[in-house]
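Take a look at the structure below.
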2 protein chains.
Amino acid sequence: MQSGCRRGRGLGWWHGHIRGYGYRMTAQREAVLEIMTKTREHLSAEDIYHQLHNLYPNIGLTTIYRTLELLVDTGLVYKFDFGDGRARYEISEGPDSPDHHHHLVCTCCGKITNYTDFIDKERKLLNETEMGLSKKFNFKITNHLIQFYGLCEKCNKDEK
Amino acid sequence: MQSGCRRGRGLGWWHGHIRGYGYRMTAQREAVLEIMTKTREHLSAEDIYHQLHNLYPNIGLTTIYRTLELLVDTGLVYKFDFGDGRARYEISEGPDSPDHHHHLVCTCCGKITNYTDFIDKERKLLNETEMGLSKKFNFKITNHLIQFYGLCEKCNKDEK
DNA sequence: ATGATAATGGAAATCATTATCAATAAGGAG
DNA sequence: CTCCTTATTGATAATGATTTCCATTATCAT
């Protein structure tokens, strides 16, 4: 994939990105990114905190929050609200990446299912809509959110 | 419109709905609905609380929250998260109503703009997507959320 | 009108997220 | 490589929206 970009010192590909924004690279930020890139789950700040606590017993929850904010601001991470009262984060693949996906949220058990199907059609509609709305309302659209809610297979069965 | 349904006693059209779910009709619920139906704004629980405080000085914020939860559960009201740290509520017109709309959220000043354009195209795509996803993941979709984020006309100007 | 029970409201509790601030560490200059 | 400026960290306290508790009150079927 992008293995050709690896440097001898084992720096993550995100170093340049972070430094480019004028931020310093720290072990804590490294650690958070390490975790984010290795999972497809939708972690909360506390999830990350707990996972890191083994490796870095002294890392503070505050730092996790601050780091996540930074990562969201620089576009490395997406922040989501699935309605369970805490924010959830996921590494950004960019809206044009083939990995770009949206979410099905089970309103019963909270399970999140990623889907990539229909993304192309969605993207087409979204582009049209964004252009139309931008023009009509003079609204400069920078982002969008699509989410489906319902019952996952398991909860749907259990309900009967 | 639906004025033919009015009864002599001035009961809101929602009485039957609420009673139908086995809930009692109270002055407080009446009052919250009264406000919700008279505005196109996206009120928070506290907004409603303050607006009601003039008429019902003794109404409790707790009751507002409980009432809103009830109204959401019975489908009379939609609950939204526009990212400003508090839930916002809006009377439901039903996803098939001609008043059904989605939202543009200004990430700078928080302004919410309703739009009804493109809703038809959206609905078409959403239906297809919902059917496809339901089948593929055995996920029973009951609801969806679409939101656009960006800068409203004013904030976009001010930024320059 | 009466009684069973749902609903209310005020205060206290939760809980995710932020603010504060002294101590620490990153990284550019020399 | 070392020093120094300044961003970053982490422990703790604060915040603020939403919930929980529970004694009091109001609804409505009978």
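In this text, all values refer to a predicted model and were calculated from it rather than measured experimentally.
- Taking only side-chain nitrogens and oxygens, B:Tyr65 never comes nearer than 4.0 Å to OP1 or OP2 of D:dT19.
- With distances taken from any side-chain atom of A:Arg29 to the nucleotides C:dG27, D:dT9, C:dT8, the minimum falls on D:dT9.
- Residue B:Thr62 places a side-chain atom within donor-acceptor reach of the base of C:dA11, judged by atom type and a 3.5 Å distance cut-off alone.
- To the nearest angstrom, P of C:dA26 lies 11 Å from CD of A:Glu30.
- No hydrogens or angles considered: nothing links the side chains of A:Glu122 and A:His100 as a donor-acceptor pair under 3.5 Å.
- For B:Arg86 and D:dT18, a side-chain-to-base donor-acceptor distance below 3.5 Å is absent, hydrogens and geometry of angles not being considered.
- In the set D:dT18, C:dG27, C:dT5, C:dG27 carries the atom at the smallest distance from any side-chain atom of A:Arg24.
- Taking the six-membered ring where tryptophan is involved, the planes of B:Phe82 and B:Phe80 are essentially parallel, since the angle between them stays under 30° and well short of 60°.
- When the nearest nucleotides of DNA chain D are assigned to B:Asp84 and A:Thr67 by heavy-atom distance, the more 5′-ward of the two goes with A:Thr67.
- Regarding contacts with the backbone of C:dA26, every side-chain N or O of A:Thr26 stays at 4.0 angstrom or more from both OP1 and OP2.
- At whole-Å resolution of the value, CG in B:Leu61 and C1' in D:dT18 are 8 Å apart.
- Nearest heavy-atom pair, B:Asp99 versus B:Thr116, reported as atom, atom and distance to 0.1 Å: O-CG2, 4.4 Å.
- Under the 30°/60° scheme for interplanar angles, the aromatic rings of A:His102 and A:His144 are found to stand perpendicular.
- In this model, the phosphate group of C:dG9 is approached by a side-chain N or O of B:Gln28 to a distance below 4.0 Å at OP1 or OP2.
- Going from atom CZ of A:Arg88 over to atom C1' of C:dT17 covers 15 Å, rounded to whole Å.
- For the residue pair B:Arg24 and B:Arg29, the shortest heavy atom distance occurs at O-NH1, 2.7 Å.
- To the nearest angstrom, P of C:dT18 lies 7 Å from CD of A:Glu69.
- In this structure, CG of A:Asn58 is placed 12 Å from P of D:dT12, rounded to the nearest angstrom.
- The nearest whole Å value for the distance from the CD1 atom in B:Ile59 to the P atom in C:dA11 is 16 Å.
- Distances from the side chain of A:Glu46 to the nucleotides C:dA16, C:dG9, C:dA7 place C:dA16 closest.
- The phosphate of C:dG28 (OP1 or OP2) has a side-chain N or O of A:Arg19 nearer than 4.0 angstrom.
- Across the protein-nucleic acid pair, B:Leu68 atom CG and C:dA7 atom P stand 15 Å apart, rounded to whole Å.
- Taking 3.5 Å as the limit, the base of D:dT19 and the side chain of B:Arg66 contain no donor-acceptor pair of atoms between them.
- Across all strands, A:Ala87 comes closer than 4.0 Å only to sugar-phosphate atoms, never to a base (heavy-atom distances).
- Straight-line distance from the CD1 atom of B:Ile64 to the C1' atom of D:dT18: 13 Å, rounded to whole Å.
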